[in-house]
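One structure is given below, encoded as structure tokens.
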Protein chains: 2
Amino acid sequence: MLGIGQLSAETGTKVPTIRYYEDIGLLPEPERTVGNQRRYGQQQVDRLRFIRHCRDMGFPLADVRALLDLSDDPERSCASADTIARHQLQEVERRLASLASLRQELCRMIDQCAGGTVADCRVIESLADHAHCIADRHTTPAPTEQHVEPTRRDPA
Amino acid sequence: MLGIGQLSAETGTKVPTIRYYEDIGLLPEPERTVGNQRRYGQQQVDRLRFIRHCRDMGFPLADVRALLDLSDDPERSCASADTIARHQLQEVERRLASLASLRQELCRMIDQCAGGTVADCRVIESLADHAHCIADRHTTPAPTEQHVEPTRRDPA
DNA sequence: CCTTGAACCTCTAGTTACTGGAGATCCCAT
DNA sequence: ATGGGATCTCCAGTAACTAGAGGTTCAAGG
């Protein structure tokens, strides 16, 4: 049986995060010592690792929850798991595309900056230059997108 | 002079967002009608467009604030604008790289799923399979990274 | 056996960048 | 004068944690 600190070290999850997962019902309430401290068994360790791996893959917690439900019931068809994963892949590809074009614009911006004062700085100027994005904006009613992936830690 | 709704339409910014920018001091308090309603002039329109464009480029609001300060004072050197932009570019490239590898893993996961029940689903299995990420985790103390870009709306 | 200090407990509040709703008020056209 | 849409303020909620205060508990050393 591990204490919360050990579980934290074992899975690379911060202690408050573990308690947070418990709060929102992703992790079941663990056993406690007489002194009210949490003790975790192997099952919990595995479950938390599953969660973390999902998060590393960019799945939002709602998806993680769905995937956990699925994995809790091995008899069910895995079709939904597949669907969730495919959806996530699409999401990732969408983001890749948008980041790529963003990169381009940033590069262009930076390349054009010759130094000097703000008055003739291309970076500022091209940020102030908006014609195209306004046009885009008005031609596309834009189904507002919300979800963002947290890149929660930096394994660099 | 525009009302807040017109400004909203003009810049593709939701009305509450405009008020929010005012609250946090990105937009100055506008004039008001006798009836206490906001009226905006061209300057404000430009400023809001600048902000939106920055946001579209993925700059966090703190950076937007810095860029606005710079553009308010055209005599200053544009070096800091350049620095901010370069930093943002790095950030974007970091994210691109991480998304690309994520994409790979998702693809691999999905390709291996042959259907059937959860018991032999590769998606679930490979999410449960954690050996490598744990290893990674322990070799890199990881300066926890925080900031996340919100991709605030979807011009797709 | 007792003490000390690290690890643990709960609870609250803060982060980023908005978004949504309630309930009241205003503006403009008919 | 009136009706309805736009606007006002304020409060709360979103995702996914993170941080701090102030108080216990555990394990090792003396």
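Letters A, B, ... are given to chains in the order of the sequence lines, protein chains preceding strands, and every chain is numbered from 1.
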Rounded distance (Å) that lies between atom C1' of dC8(C) and atom CG of L2(A): 15 Å

All side-chain hydrogen bond (donor to acceptor under 3.5 Å, both in side chains) counterparts of E125(B), not counting sequence neighbours: R122(B)

OP1 or OP2 of dA17(C) under 4.0 Å from side-chain N/O of T17(B): no

Pair R94(A) + E91(A), salt bridge at N-O below 4.0 Å: yes

Atom-pair distance (CD1 on I4(B); P on dC26(C)), nearest Å: 16 Å

Residues which pass side-chain hydrogen bond (donor to acceptor under 3.5 Å, both in side chains) with D72(B), listed by chain and number, not counting sequence neighbours: R47(B)

side-chain N/O Y21(B) vs dC18(C) OP1/OP2, d < 4.0 Å: yes

Sorted by number, the residues of residues 30-40 of chain A with heavy-atom contact under 4.0 Å to DNA chain C: R32(A), N36(A), Q37(A), R38(A)

Nearest-angstrom distance from the residue atom CG of D23(B) to P of dG20(C): 17 Å

Distances for protein N or O near nucleotides 19-23 of chain D N or O, under 3.5 Å:
none

Where do N or O atoms of nucleotides 22-24 of chain C meet protein N or O atoms at under 3.5 Å, pair by pair?
none

Whole-Å gap separating P (dA15(D)) and CZ (F59(A)): 18 Å

Distance below 4.0 Å between R19(A) side-chain N/O and dC11(C) OP1 or OP2: no

All salt bridge (charged side-chain N to carboxylate O under 4.0 Å, His left out) counterparts of R86(B), not counting sequence neighbours: D82(B)

With R108(A) via salt bridge (charged side-chain N to carboxylate O under 4.0 Å, His left out) - residues at least two apart: none

Partner set under side-chain hydrogen bond (donor to acceptor under 3.5 Å, both in side chains) for E29(A), not counting sequence neighbours: none

Cationic N near anionic O, under 4.0 Å, E31(B) to R38(B): no

Taking distance alone, no hydrogens or angles, what donor-acceptor pairs closer than 3.5 Å link side-chain atoms of residues 63-70 of chain A to residues at least two apart or in another chain?
{"unit_1": "R65(A)", "atom_1": "NH1", "unit_2": "I24(A)", "atom_2": "O", "d": "2.9"}
{"unit_1": "R65(A)", "atom_1": "NH2", "unit_2": "I24(A)", "atom_2": "O", "d": "3.1"}

Partner set under salt bridge (charged side-chain N to carboxylate O under 4.0 Å, His left out) for E93(A), not counting sequence neighbours: R103(B)

d(OH, Y20(B); P, dC10(D)) in whole Å: 17 Å

Qualifying residues under side-chain contact (heavy atoms from CB on, under 4.5 Å), relative to V45(B), sequence neighbours excluded: L2(B), L7(B), E10(B), T11(B), Q42(B), R49(B)

Contacts of type side-chain hydrogen bond (donor to acceptor under 3.5 Å, both in side chains), residue Q112(A), not counting sequence neighbours: none

Between dC17(D) (C1') and L27(A) (CG): distance, integer Å: 14 Å

Residue whose closest nucleotide on DNA chain C lies nearer the 5' end, Q6(A) versus L61(B): Q6(A)

Distance in angstrom units between E22(A) CD and dC8(C) P, rounded: 14 Å

Distance in angstrom units between R55(A) CZ and dC17(D) C1', rounded: 9 Å

